[in-house]
Amino acid sequence: LQPRRGGPKNLPIAEVYIDDDEAKAKAKPRLVILGGGWGGVALLKDLNPDDYNVTVISPANYFLFTPMLPSATVGTLELRSLVEPIRRILSRVNGHFIRAKAEDVEFSHKLVEVSQFDHKGKEVRFYVPYDKLVIAVGSATNPHGVKGLENAFFLKDINDARMIRNKVIQNLELACLPTTSDEERKRLLSFVVSGGGPTGVEFAAELYDLLNEDLTRHFPRLLRNEISVHIIQSRGHILNTYDETVSKYAEERFARDQVEVLTNSRVKEVQPDKIIFSQKQEDGTVITKELPIGFCLWSTGVSPTALSQKLAKKLGDFQTNRHALETDTHLRLNGAPLGDVYAIGDCSTVQNNVADSIVSFLRKLAWSRGIEPETLQLHFSDWRTVAQDVKKRFPQAVNHLKRLDKLFFEFDKDQSGTLDFGELRELLNQIDSKLTSLPATAQRAHQQGLYLAHKFNKMAKISDAMLANDIRDGDLDAAVYKAFEYRHLGSLAYIGNSAVFDLGEGWSMAGGLWAVYAWRSVYFAQSVSFRTRSLMAMDWMKRGLFGRDLVA
Ligand code: FAD
Ligand code: MG
Ligand code: MG
Ligand code: MG
Ligand code: MG
């Protein structure tokens with residue numbers, strides 16, 4: 001049976017219907033989801049099993065529980081415990097899985113162009129047709145144009161974790177050999193993390209735990225003081241997107257644990273045996289430094305995938321954000337035919353309209369004082385109220401907020417101590433261009449996936465009636481369901497047998513072992529399945545009883 005061909009490139013067209021009754025399946029809208037990560041899987045979890053003909057396309061045939069990935073690198077958790085087969089997740093909705101990579105989308109033909117390598121290693125391409133498409137392809141590692149990254153390790157995927165684990169063990173083993181010189185041993189045992197965000201910090205903490213808890217037992221020849229862990233951070237503090245108390249706690253903790261934190265430092269190059277970086281001194285001068293490396297982790301933030309970049313370019317003026325695909329507040333991809341294509345998770349951002357929300361806030365303020373908005377003179381204390389409002393709505397703006405205070409004085413050009421409307425407008429434009437509206441977190445991707453599931457469920461019920469009433473061209477999304485609203489449920493980071501919580505709106509907590517358990521239970525609850533939960537519980541128990549398994 002030859003597949004039908006078509007589309008702009010005349011490629012084979014894949015059509016699969018999974019149902020007891022094929023005719024029934026064919027009548028359902030085809031929902032195609034690109035990516036089986038946090039966003040895609042959250043959508044699958046709450047979607048009604050009977051309403052759509054679902055296909056997931058992803059190069060990975062598993063969902064990865066990323067928050068626990070740093071634990072897996074040092075053997076605290078088994079790699080297997082962090083993954084959940086996509087097909088298992090899909091079976092609830094009778095869905096179909098295609099293991100391949102999305103390369104392009106033909107919006108006017110409603111076709112996804114997909115690639116895979118065949119049994120001879122030759123690339124093959126085909127189309128997958130959709131009625132509704134959800135883009136949830138996540139993000140890529142940001143190279144920041146640094147040289148020599150082939151000498152660094154990344155932590156995005158299960159294979160990365162496996163490679164890191166092998167490397168750490170190998171370095172410890174080589175360091176023990178009688179033929180290894182003192183200098184070489186020092187290098188092998190120098191672990192450098194580039195990036196002081198949650199991933200880098202948690203990896204450093206896990207590594208430190210490993211070195212402290214298991215090393216003396218399993219590598220008695222190694223001296224603790226020969227081992228060093230360093231974090232290189234470009235900003236003034238680590239965990240700088242978190243509340244200040246959290247980042248302070250982390251820094252104090254690391255200082256006590258002898259994990260070196262190098263702030264205001266930029267990596268220039270990673271060589272096979274050393275890392276070169278520049279560090280800004282307190283007097284403003286910049287000096288170049290280097291550290292020997294036995295291992296270097298590169299975790300300095302995210303950038304768009306090749307697919308995201310391609311689609312953004314294709315949609316031209318509708319897509320102006322360099323960091324992510326822009327959607328409207330109903331999560332519809334800007335510039336694509338309305339109601340066909342959605343984007344969620346790390347690959348996307350909701351057009352933020354911070355400026356709009358501030359302007360409406362200012363209007364209210366003006367009216368409440370009985371004056372016209374255009375004649376409003378904003379004092380610094382008013383500005384702080386505005387800034388608090390921004391912080392509440394855009395919690396990831398916390399670190400920008402510290403600068404919001406400075407901005408006030410910067411934009412008060414005539415130094416009158418107040419901002420007039422013109423000064424305000426310029427200031428708002430600057431905020432708008434600087435603020436990416438939503439954080440790249442599992443929490444956000446999960447919320448957006450659930451949002452789409454609930455909306456799609458509702459649409460499936462309503463659309464027949466709507467079509468019958470001939471409002472086919474209306475804004476169905478807005479008619480059936482509310483706009484997406486992000487709820488910040490706080491962030492957590494794990495730091496050496498303790499956890500720090502940033503609960504937003506100035507709330508933060510830090511604590512000892514009880515906090516670790518609270519932390520684990522939060523992630524337990526977010527986890528996708530009982531299977532994963534059980535596996536992780538067993539891993540933790542095993543580690544508690546027997547220590548980590550240090551085998552490559
Ligand atoms: P992902 O979960 O990355 O999923 C993307 C999916 O798309 C994958 O299945 C991928 O294989 C697939 N894909 C990629 N390209 C294509 C393509 N061209 N075609 C088809 N499919 C494609 N967040 C938190 O909230 N808390 C944490 O503690 C936390 N810790 C983290 C620790 C680590 C080590 C990492 C790497 C991330 C962590 N995050 C955490 C961030 C979180 O994992 C991401 O924000 C989240 O995964 C985003 O979900 P997503 O669905 O957008 O993308
Ligand atoms: Mg996803
Ligand atoms: Mg994932
Ligand atoms: Mg995504
Ligand atoms: Mg002024």
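Heavy-atom basis, side chains included; hydrogens, waters and symmetry copies ignored.
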Q.
Under the rule for ring pair (Phe, Tyr, Trp, His ring centres under 6.0 Å), what residues qualify as partners of Phe203, not counting sequence neighbours?
A. Phe295
Q | Pairing residues for Arg266 by the side-chain contact (heavy atoms from CB on, under 4.5 Å) criterion, not counting sequence neighbours | A | Ser234, Ser278
**Q.** All side-chain contact (heavy atoms from CB on, under 4.5 Å) counterparts of Glu290, not counting sequence neighbours
**A.** Lys274, Ile276
**Q.** Sequence-distant partners of Asp46, side chain to side chain donor-acceptor pair (under 3.5 Å), two or more places apart
**A.** His454
Q: With sequence neighbours excluded, tell me which residues meet ring pair (Phe, Tyr, Trp, His ring centres under 6.0 Å) with Phe107.
A: none
(Q) If the threshold is 4.0 Å, N to carboxylate O, is there a salt bridge linking Asp104 and Lys314? (A) yes
(Q) I'd like to know if Asp160 and Lys156 make a salt bridge, using a cut-off of under 4.0 Å between side-chain N and carboxylate O. (A) no
Q.
Tell me if a side-chain donor or acceptor on Gln271 pairs with a main-chain N or O of Ile275 at a distance below 3.5 Å.
A. no
Q: Applying salt bridge (charged side-chain N to carboxylate O under 4.0 Å, His left out), name anything that partners Lys455, two or more places apart in sequence or on another chain.
A: Asp477
Q: Before accepting this row, confirm whether a basic side-chain N of the pair Glu123/Lys101 lies closer than 4.0 Å to the acidic partner's carboxylate O.
A: no
Q) Would you say the side-chain atoms of Gln351 and Thr329 include a donor-acceptor pair closer than 3.5 Å? A) no
Q. For residues Glu206 and Ser71, is any side-chain donor paired with an opposing acceptor at under 3.5 Å?
A. yes
Q: Using a strict cut-off of less than 4.0 Å between a Lys/Arg side-chain nitrogen and an Asp/Glu carboxylate oxygen, indicate whether Glu84 and Lys45 qualify as a salt bridge.
A: no
Q) Below 4.0 angstrom, N of the basic side chain to O of the carboxylate: do Lys110 and Asp340 qualify? A) yes
Q) What residues form a ring pair (Phe, Tyr, Trp, His ring centres under 6.0 Å) with Tyr127, not counting sequence neighbours? A) none
(Q) With salt bridge (Lys or Arg N to Asp or Glu O under 4.0 Å) as the rule and sequence neighbours excluded, what pairs involving residues 299-309 come up? (A) none
Q: Tell me, please, which residues at least two apart from Ser115 pass side chain to side chain donor-acceptor pair (under 3.5 Å).
A: Glu103
Q | Pair Ser303, Asn142: side-chain N/O donor-acceptor within cut-off below 3.5 Å | A | no
Q) For Ala324, which residues count as a side-chain contact (heavy atoms from CB on, under 4.5 Å) partner, sequence neighbours excluded? A) Thr349
Q) side chain to side chain donor-acceptor pair (under 3.5 Å) with Lys280: which residues, sequence neighbours excluded? A) none
Q: Check whether the side chains of Tyr451 and Glu485 place a donor and an acceptor atom closer than 3.5 Å, and report yes or no.
A: no
**Q.** side chain to side chain donor-acceptor pair (under 3.5 Å) involving His230 - partner list, sequence neighbours excluded
**A.** Ser228, Glu260
